[in-house]
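Have a look at the structure below before the remarks.
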Amino acid sequence: MDDGFGNNSNFFQGAKDIAYEVKRHGRMQDSYRRYEGGGEHASQDGGYYHSDDPHAQEDADSDATEGHDEDDEIYEGEYQGIPHPDDIKANRMAATQPISDEYRDQADLIAERMKDEEQLAHQYESIIEECGHGRFQWTLFFVLGLALMADGVEVFVVGFVLPVAERDMCMSNSNKGMLGLIVYLGMMVGAFVWGGLADKMGRRYCLIIALSINGVFVIFSSFVQGYGIFLFCRLLSGAGIGGSIPIVFSYFSEFLAREKRGEHLSWLCMFWMVGGIYASVMAWSIIPHYGWGFSMGTSFQFHSWRLFVVVCALPCLSSLVGLLFVPESPRYLLEIGKHDEAWMILKQIYDTNMRARGHPEAVFTVSHIKTPIQVDEFIEIQSSTGTWFQRWLVRIMTVVKQVWQNMLLCFTPKYRMTTLFLAVVWFTLSFSYYGLTVWFPDMIKYFQNEEYESKLKTFDQERVEDFTFNFTLENQLHREGEYINVRFVGIKFKSVTFEDSLFEECYFEDITSTNTHFRNCTFTATLFYNTDLFKTRFIHSRFINSTFLHNKEGCQIDFSDDAETAFLTYLVSFLGSLAVLPGNIVSALFMDKVGRIKMIGGSMLLSTITCFFLFFGNSESAMIGMQCLFCGVSIAAWNALDVITVELYSTDKRATAFGILNGLSKFAAILGISIFASFVEITKVVPVLLASIALVGGALLGLRLPETREQVLM
């Protein structure tokens, strides 16, 4: 009996273990198989016994009660693989419940998220239409418009201050070229960085940080005295403002209904034009007034151009203040699963617009909004884990990884061709536009210099003795002259050249010079006192018993001589900015009627035609007219490109893709400016052909992009 009972106990314990496995996996399976043959037979009540055991029936009878252990509560039928009715009911209920995300395949999660996003896109479009277009959108329009205006100002600032800053900081030609390009380099980096971060950290939050960086370093750059620090500040200010365009268009588009999106995004583009006009007017009003500044000895000088730099920070600071009173994009919040916050903002939009329309009693009827399933996993470290540096390092590296992965998603098969086509259009349009808009002023200056040099006065083999020059010498060439006991006192040399001349017992005092050189000259017993005639002014010259005393330090600024040239520079920029007004109006009114694709292709092809008129521009007035015509025609392509870029990408990639494309356009701008500027004094053929080929190629590829005017914002 003991042996038989022991065998049955082991048998029963194994049955219970198998039953537990059946419960844990939630599926039915046979726990046992009946033995065929041998001495083992099934009893009528389902137990098992050995025929040669005299106590087998007793053991078999105990099977009916063996499963009723108080601890295990396994009923008799479970030994045969027959599930309990409660288990059947539980399994059916479990089958209807969704599987936890941690046990699901990543591809399944992404597929479900895409389905959720499509449902959300249509629901969100209906909600925005219910909220209407009113006071809330117009308030946000002006706040974001100021940020876009700050971007336009940043492009023009360096060009306006360079003629005076180069003398204030004694810049060489290479330094001037670097200063002109450093802003675009910073904007390129800023577009990549802030565009990617805006999809992970929020549009409003990233825009506030980007504008803060720009404002701080713009103001700081106005006070620094050294060229290196000034260059570094302009780089960081450009990196800050570089995020404005990708974020502003992504941000504002998510508050607009489909029927309003193309038109109002085009109206928003006008603020870039306003920025150029603002910078031109402020430059003409402030920079020529040299007295609007102060100095602290010789080590610190705050001239009027520095005040102009400070004034140019006002649009950025104004937008920064306005952003403190507007909410985050509800579309972005829904994308990251923050349903309640998004609902509150949408209700705020609805209430604001309804009150403005005289319906304060209107009720926001939306109660629930579809929220996409969340795939990304963000690592959150407890405050007690590691040091503060380690915690922040993990957070930063996690965000960087997410941003990088999001950038790579813009080149997946779903978006690859769209991204490549858009990249070509952005590159070609930027290469031509920025290259020519900088080439136009350079060509105008070239024509000015040609006209100026045509009036050059030449003096050959003149001999001057015992004479005092106390008047300005300008645009003169003196060759093989002799100057005996001649005094040059308190005068200005402007574009004066002395070649193969002799200066004997002469006296130079309080001299200010611009573009003045002495070539192959000999100075005997000559005294230089308080002059800015540095060694660089003397080329292959000899000094015999001559002395330099108290040379002027730094580069001397004199605005009176350049007033006419400066005014023309500001006027050209002002007219070029104002010329885009008709193009902005036309593109805004017809963006939704004509379509984005036709607007891009038509504008770029018309810009190509205007380029060929440049062959007939041989004067200042002709070049100014060509610049206005080109800018006015090409602006429609820019507006349509901004609109279609935000519409072709989903919310989780919109700012990232826009940042990539805008950063690429800044790289194209650097190439265009560098290449076109190198041909200013050589030929017009190469810049015109390069611009035309780029515009035609971009237009043809742009026509292959999908039309998006009837598309909801994904």
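Quantities reported herein were computed from a predicted structural model and do not represent experimental measurements. Residue indices begin at 1 and follow the sequence shown.
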**Study point:** Donor-acceptor pair between D199 and T656 side chains, under 3.5 angstrom
**Key:** yes
Answer whether the closest heavy-atom distance between the side chains of L605 and I609 falls below 4.5 Å. no
* Start with the C-alpha distance between R654 and E254, add both sets of side-chain angles, then the distance that settles salt bridge (Lys or Arg N to Asp or Glu O under 4.0 Å), and finish with yes or no. => CA-CA 10 Å; R654 182 169 298 118; E254 292 166 357; 2.7 Å; yes
Between I245 and N662 the two heavy atoms that sit nearest each other are CG2-ND2, 3.7 Å
Between S266 and A588 the two heavy atoms that sit nearest each other are CB-CA, 3.5 Å
- Message: Pair L144, F249 - check side-chain contact (heavy atoms from CB on, under 4.5 Å), show working.
- Response: CA-CA 9 Å; L144 298 181; F249 284 101; over 6 Å; no
Inset, instruction - Establish, for the pair R331 and Y124, whether the NZ or CZ atom is under 6.0 angstrom from the six-membered ring centre and no further than 45 degrees off its axis. - result: yes
- Item | Ring centers of F630, F613 separated by less than 6.0 Å | no
Closest non-hydrogen atoms of V646 and L265, given as atom of the first, atom of the second and distance, are CG2-CD1, 3.9 Å
**Message:** Are the side chains of K666 and Y434 in contact, using a 4.5 Å heavy-atom criterion?
**Reply:** yes
Practice problem: Say whether, by atom type as modelled, one donor and one acceptor occur between the side chain of S319 and the main chain of V143 under 3.5 angstrom. | Solution: yes
Minimum side-chain heavy-atom gap I209-Y205 below 4.5 Å
yes
task = Find out whether V363 and Y350 are in side-chain contact, i.e. whether some heavy atom of one side chain is under 4.5 Å from a heavy atom of the other.
result = no
Derivation and outcome, side-chain contact (heavy atoms from CB on, under 4.5 Å), residues R203 and E328 = CA-CA 7 Å; R203 282 84 161 101; E328 179 58 85; 3.5 Å; yes
Here the gap from L429 atom CG to S665 atom OG, rounded to the nearest 0.5 Å, amounts to 8.5 Å
TODO: Compute the ring centroids of F658 and Y251, then answer whether they are less than 6.0 Å apart.
DONE: no
Checking the side chain of E263 only, and the main-chain atoms of D592 only, is there a donor and an acceptor separated by less than 3.5 Å? no
Practice item. Taking R204 for its side chain and L323 for its backbone only, find out whether a donor-acceptor pair lies under 3.5 Å. Key: yes
May I ask you to check whether W638 and Y433 place their ring centres under 6.0 Å from each other? yes
Contacts of K593 meeting salt bridge (charged side-chain N to carboxylate O under 4.0 Å, His left out) (sequence neighbours excluded), chain-then-number -> none
**Asked** Is the CZ atom of F220 crowded by more than 12 outside heavy atoms at less than 6.0 Å?
**Response** no
From the list F142, F255, F325, ring-ring contact (aromatic ring centres under 6.0 Å, His included) with F136 holds only for F255
### Query
Is the count of non-hydrogen atoms from other residues, nucleotides or ligands lying under 6.0 Å from R704 atom CZ greater than 12?
no
For F271 together with F141, are the ring centres under 6.0 Å from each other? yes
Sorted by chain and residue number, the salt bridge (charged side-chain N to carboxylate O under 4.0 Å, His left out) partners of E647 (sequence neighbours excluded) come out as R261, R596
Main-chain N/O of I600 paired with S603 side-chain donor or acceptor, under 3.5 Å:
no
Taking N639 for the side chain and S587 for the main chain, is one N or O donor matched with an acceptor at less than 3.5 Å? no
Would you find a donor on one side and an acceptor on the other, under 3.5 Å apart, between the side chain of T412 and the backbone of L408? no
Are V425 and M604 side-chain neighbours, meaning at least one heavy-atom pair lies under 4.5 Å? yes
Value for CD1 (I128) from NE2 (H133), rounded to nearest 0.5 Å, stands at 11.0 Å
Carefully, step by step, assess C316 and V218 under the rule side-chain contact (heavy atoms from CB on, under 4.5 Å). CA-CA 10 Å; C316 170; V218 164; over 6 Å; no
Problem set entry | Expected output: side-chain S430 to main-chain F427 donor-acceptor under 3.5 Å | no
So OG of S237 and CD1 of I213: to nearest 0.5 Å the spacing works out to 10.5 Å
Shortest non-hydrogen pair, N353 vs G132, comes out as ND2-O, 3.1 Å
When rounded to the nearest 0.5 Å, the distance separating CG of L320 from CG of L146 is 11.0 Å
Classify the angle between the aromatic ring planes of H264 and W138 as parallel (below 30°), tilted (30 to 60°) or perpendicular (above 60°). perpendicular
Verify, without hydrogens or angle tests, whether Q405 (side chain) and Q402 (backbone) share a donor-acceptor contact under 3.5 angstrom. no
A side-chain contact here means heavy atoms from C-beta on lying under 4.5 Å apart; do W194 and V189 qualify? no
query = Passes side-chain contact (heavy atoms from CB on, under 4.5 Å), I660 versus L664? Steps please.
reply = CA-CA 6 Å; I660 293 173; L664 180 65; 5.7 Å; no
- Task: Measure the shortest side-chain to side-chain distance between I585 and W267 over non-hydrogen atoms and say whether it is less than 4.5 angstrom.
- Result: yes
**Asked** For residues T419 and Y649, is any side-chain donor paired with an opposing acceptor at under 3.5 Å?
**Response** yes
Query - Distance-only donor-acceptor check, side chains Q627 and T437, under 3.5 Å - result: no
Within the distance-only criterion (no hydrogens, no angle test), does the side chain of Q137 pair as donor or acceptor with the backbone N or O of L256 below 3.5 angstrom?
no
- Query: Relative to the ring of F156, is the ring of W272 parallel (under 30°), tilted (30 to 60°) or perpendicular (over 60°)?
  - Reply: tilted
When every non-hydrogen atom of L436 is compared with those of C611, the smallest separation belongs to CD1-SG, 3.8 Å
Minimal heavy-atom distance between C131 and I349, with the atoms involved, is CB-CG2, 3.9 Å
When rounded to the nearest 0.5 Å, the distance separating CG of L705 from CD1 of I597 is 4.5 Å
The residue among V403, I396, T398 that forms side-chain contact (heavy atoms from CB on, under 4.5 Å) with V400 is I396
For the residue pair T645 and W426, confirm or rule out a side-chain donor-acceptor distance under 3.5 Å. yes
Taken to the nearest 0.5 Å, the spacing of L317 CG from S212 OG works out to 8.5 Å
Looking only at atom types and distance, does a side-chain atom of Y415 sit under 3.5 Å from a main-chain N or O of L648, one as donor and one as acceptor?
-> no
Quiz item: Any side-chain heavy atom of S285 sitting closer than 4.5 Å to one from V281?
Solution: yes
query: Would you say the side chains of R234 and S221 form a donor-acceptor pair under 3.5 Å?
result: yes
